[in-house]
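Here's the structure, in structure tokens; my notes come after.
Because the structure is a prediction, the values reported are computed rather than measured. Proteins come first, then strands; the chains are lettered A, B, ... in the order of their sequence lines, and each starts at number 1.
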Amino acid sequence: MTSHVNLTPEPLSDPFANGSVFEEIRLILRRPDLPDDVLRQTLAEGRFTAGTSLGKDAFVAGEGLPEDRAAVIRTMIVPPPRHGLEMPAHDLNPPLSVRFAPLVARWQRTLQTIRPQMKRAPAAMRSR
Amino acid sequence: MENAGSHVRSAGLRRLAMALIAVCLTTAASFMFATVVQSDGFDWLDVVRITLMAIAAFWLAWGGCIALFGILFPPEPSQGTERRPIGRTAILMPIYNEATGPVFARVEAIMKSIGKLPEADCFDFFVLSDTTKPAVAGKEQSAYERLLFRQNAGGRLFYRRREQNIGRKAGNIADFLQTSGGAYDYMLVLDADSLMDGGTILEMVRRMEADPRLGLLQSLPQIIGLKTLFGRLLQFATSLYGPYFARGLAAVQGEEGTFWGHNALIRTRAFAAACGMAPLEGKPPFGGHILSHDTVEAALLAREGWKVRLDTDLTGSYEEAPANMVDYAKRDRRWCQGNLQHSRILAAPRFRFWSRISILQGIFAYLASPIWFLFLLTSLAAPLVAPPPVYFDGYSPFPVFPHPETATALALLFGLVALLVLPKLLLVVRTLLGGNAKAFGGPVRLVISFAIEIMLTSVLAPLLMMFHCRSVMQVLTGADSGWPTAERDDGSLPFGAAVSATWWMTLTGTAGVAFSHYYVPELFYWFLPVAMPMVFAPLLVWVTSSVMLGNLTRWLGILAVPADTRPVAIAADMQEALQTDLGNEEPTPLPAPLAGEAAA
């Protein structure tokens, strides 16, 4: 009988377990890409300012009017969207062999087309 | 498609016309100069002088033609769509050890201006810091948080700092593209001293959306905010002549336009695919990362079939500039290295013809000064090596005296001066006739300002020539400029700083005057207009950096620019934001790693 050990860490206790605060933040900031763990960290570190009518704890507890809550959300420091583009590096000063490679290839193709007789015959064929 | 084809054809015809005019003027100047120099016999040094003269004259003629074409070819109307932008735009402000307060005040002013638009939610803001000084980085982080809280800009304003500024500004932008670029259709690249009106930015986005082939749209930034005499001179010249020179440039470059590195809107995916640049083989100054990346990026976009356009009719785009000649020369030193480095990519594969011409123009902007300097040296040396006059040539029993060519020499001199002054004079006349003189203080003050501008630029030209010569020498001998931080907050200069920056010019000028007086007295008076400003270089640099003289010209209404009478709203917003932020600033504890570095 083999006993299996669960390597997945147990989730920490989450004060925002129902996720409604996260959804609210995503909606107000128009950032559906913001993952839960990032928002959880933002709230845990208190990276936002509370208004006069709504304290940080009250905000986290889900209290307050929608406009007051929206005002608090708009002071949150969240990371920018993570959507990178590939940026290939172009060589602007390639060596001559690279620079003229297409030209050389074209020249060789042309030669083969117009002068097929330039191809060397095998030695055995020549002696026959 | 037919329209695009006709644009390309007309740009091609204009290029041809410009080249023909410049070649004709150069030929005439060279012929006249050859006539003058052969009057005392002809030797190898004369060939060198004529060649140098021809190259320098072509450069002058080219500049004159650009201004002339700016008058002849007004900008073609360019319209954007009227609808709300579909794409999202990232407004990027790359910074590097800049003064934190003004940088964030500019971001706030732009944010406020955009915030007034119904389309405000289409724009996000990024402060991309390459700052290496931990104390400055701490201030930036703190200023960012204050601005975000003040503007309720959560999710719209971002601050990112790179620990190492690999690839400098180009690397900074590339880093943004590789992390967040895909979330945006366009990016507006600014400089640390840029200011742009929200309406202008929106119009640029609309123009970009109206033309799916447009890869980069460059606006024409106006210089504002300078208070020294030199600064006001610069503001006046760029405000009066700049738009016409830019129109002339736009008229010939067509779809292979220019990129000045800032105040331009760029299509992110096109830029990411086309504009990655591998470092050049070898060490700086000619190897390593490409320093003046903007011209090359424009060429790379054009190479991939994207339009690169300069729209001179876009207003509401501003920048600051060096307030004195030393800072100006310092900036030129960096640009000189970047442009001379371009000599290695002049023959890059698949570049468009005009892109190569643009790169060549950039190189020549700095090589022109050494060419003029060599011309002066050879002209001083020529009488010493000239063969003695032959009075009896063997064909005539009577002595044959050399034919005096003073009239031709004077005609040539006036011709060259005309190439410099005439385009500016034409632009002043056009401004006077067009009824726009009021913006420059009225007709009388405009004419006085024009005269002062011509006088001051003529006096400062030898100094600029010497600064350029030194920069070129430093680059050619392998000295890397190292891209020092631009000192943008510095206005006036102490006399000691002016002396330490220009003492070598005084020595060179004095030596030149003494040499011409003793060895070539016939050229003494011809040489004085160039040598005397060099002798008095410290005084000139110091006087022109005076804020008091700048204020005096402002009070007299001389060297006036439209911004003097109609203050720029966004600049006022920036000043207000700066004051507000200074009032709210609190000493912010540095994050632990930064605090450690700062203490060290």
Side-chain angles (χ1 to χ4, degrees), chain A residues 21-35 38-39 41-43 45-52 54 56 59 67-105, chain B residues 88 90 121 124-126 128 141 144-146 148-160 167 173-184 268-282 286-287 290 296 299-300 303-304 342-351:
Chain A
V21 178
F22 298 157
E23 283 308 316
E24 188 184 5
I25 295 171
R26 288 189 196 107
L27 193 70
I28 300 287
L29 296 184
R30 298 184 187 185
R31 288 286 305 279
D33 60 304
L34 283 171
V38 167
L39 292 176
Q41 196 180 352
T42 303
L43 293 172
E45 291 176 1
R47 293 162 69 185
F48 58 99
T49 52
T52 49
L54 189 64
K56 280 187 179 180
F59 171 79
E67 55 269 26
D68 293 338
R69 293 184 61 77
V72 172
I73 289 169
R74 288 200 186 96
T75 65
M76 281 184 184
I77 297 176
V78 292
R82 302 285 301 180
H83 183 178
L85 293 173
E86 278 191 25
M87 202 165 175
H90 302 281
D91 188 358
L92 299 179
N93 191 20
L96 289 178
S97 57
V98 176
R99 195 182 287 262
F100 290 107
L103 205 64
V104 171
Chain B
R88 292 190 61 74
D121 57 333
D124 285 348
F125 299 83
F126 286 77
L128 306 174
Q141 180 70 39
Y144 160 68
E145 288 176 11
R146 286 199 303 276
L148 188 143
F149 296 154
R150 218 168 31 240
Q151 289 292 316
N152 288 333
R156 289 179 52 224
L157 172 66
F158 307 101
Y159 169 81
R160 187 274 285 129
I173 301 291
D175 182 80
F176 161 78
L177 287 169
Q178 287 164 341
T179 50
S180 302
Y184 299 94
T268 47
R269 279 173 178 76
F271 190 89
C275 297
M277 287 175 278
L280 297 174
E281 270 184 40
F286 286 95
I290 294 172
V296 186
L300 284 166
R303 181 172 87 161
E304 298 304 326
H342 288 172
S343 56
R344 288 193 62 191
I345 53 171
L346 197 55
R350 299 197 295 117
F351 269 8

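A distance-only check finds no donor-acceptor pair linking the side chain of A:His83 to the backbone of B:Gly181 [under 3.5 Å]. Between the side chain of B:Ser180 and the main chain of A:Pro81, a donor-acceptor pair closer than 3.5 Å is present.
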- request: Could you walk me through whether A:Leu85 and B:Phe176 pass the side chain to side chain contact (heavy atoms under 4.5 Å, CB included) test, one step at a time?
  value: CA-CA 9 Å; A:Leu85 293 173; B:Phe176 161 78; over 6 Å; no
task: Test B:Tyr159 against A:Ile77 for side chain to side chain contact (heavy atoms under 4.5 Å, CB included), laying out the working first.
output: CA-CA 10 Å; B:Tyr159 169 81; A:Ile77 297 176; over 6 Å; no
task: Please report the C-alpha distance between A:Glu86 and B:Gln178 in whole Å, then the side-chain angles of each, then the deciding distance to 0.1 Å, and finally whether the side chain to side chain contact (heavy atoms under 4.5 Å, CB included) criterion is met.
output: CA-CA 6 Å; A:Glu86 278 191 25; B:Gln178 287 164 341; over 6 Å; no
field: Test log, rule side chain to side chain contact (heavy atoms under 4.5 Å, CB included), inputs A:Asn93 and B:Glu281
entry: CA-CA 8 Å; A:Asn93 191 20; B:Glu281 270 184 40; over 6 Å; no
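With a threshold of 4.5 angstrom between heavy atoms, B:Arg160 does not approach chain A through any atom at all. Interface residue B:Ile345: backbone and side-chain heavy atoms are both found under 4.5 Å from chain A. Of the atoms belonging to B:Leu300, it is side-chain heavy atoms, and not backbone ones, that fall under 4.5 Å from chain A. Of the two parts of B:Ile290, only the side chain, counted from C-beta on, holds a non-hydrogen atom closer than 4.5 Å to a non-hydrogen atom of chain A. Proximity to chain B (any heavy atom under 4.5 Å) is restricted, for A:Pro94, to the side chain, taken from C-beta onward. Contacts of B:Arg88 with chain A are absent, with no heavy-atom separation under 4.5 Å from either backbone or side chain. Heavy-atom distances place both the backbone and the side chain of B:Ala174 under 4.5 Å from chain A.
What you find for A:Ala71 and B:Asn152 is that their closest heavy atoms are O-OD1, 4.2 Å.
Contact of the A:Pro80 side chain with the B:Phe126 side chain is registered, since non-hydrogen atoms from C-beta on lie closer than 4.5 Å.
Most heavy-atom pairs under 4.5 Å with chain A: of the set B:Ala274, B:Ala299, B:Ala90, this distinction falls to B:Ala274. Among B:Ala348, B:Pro279, B:Gly155, B:Ala272, the residue making the largest number of heavy-atom pairs under 4.5 Å with chain A is B:Ala272.
Within the model, atoms CZ of B:Arg350 and CZ of A:Arg99 stand 12.0 Å from one another, a figure rounded to the nearest 0.5 Å. Atoms CD1 and CE, from B:Ile173 and A:Met87 in turn, are 9.0 Å apart once rounded to the nearest 0.5 Å. Atom CZ of A:Arg82 is separated from atom OG1 of B:Thr179 by 6.0 Å, given to the nearest 0.5 angstrom. In this structure, CG on A:Leu29 lies 10.5 Å from CZ on B:Arg156, to the nearest 0.5 angstrom. B:Asp124 CG to A:Arg31 CZ: the interatomic distance, rounded to the nearest 0.5 Å, is 7.5 Å.
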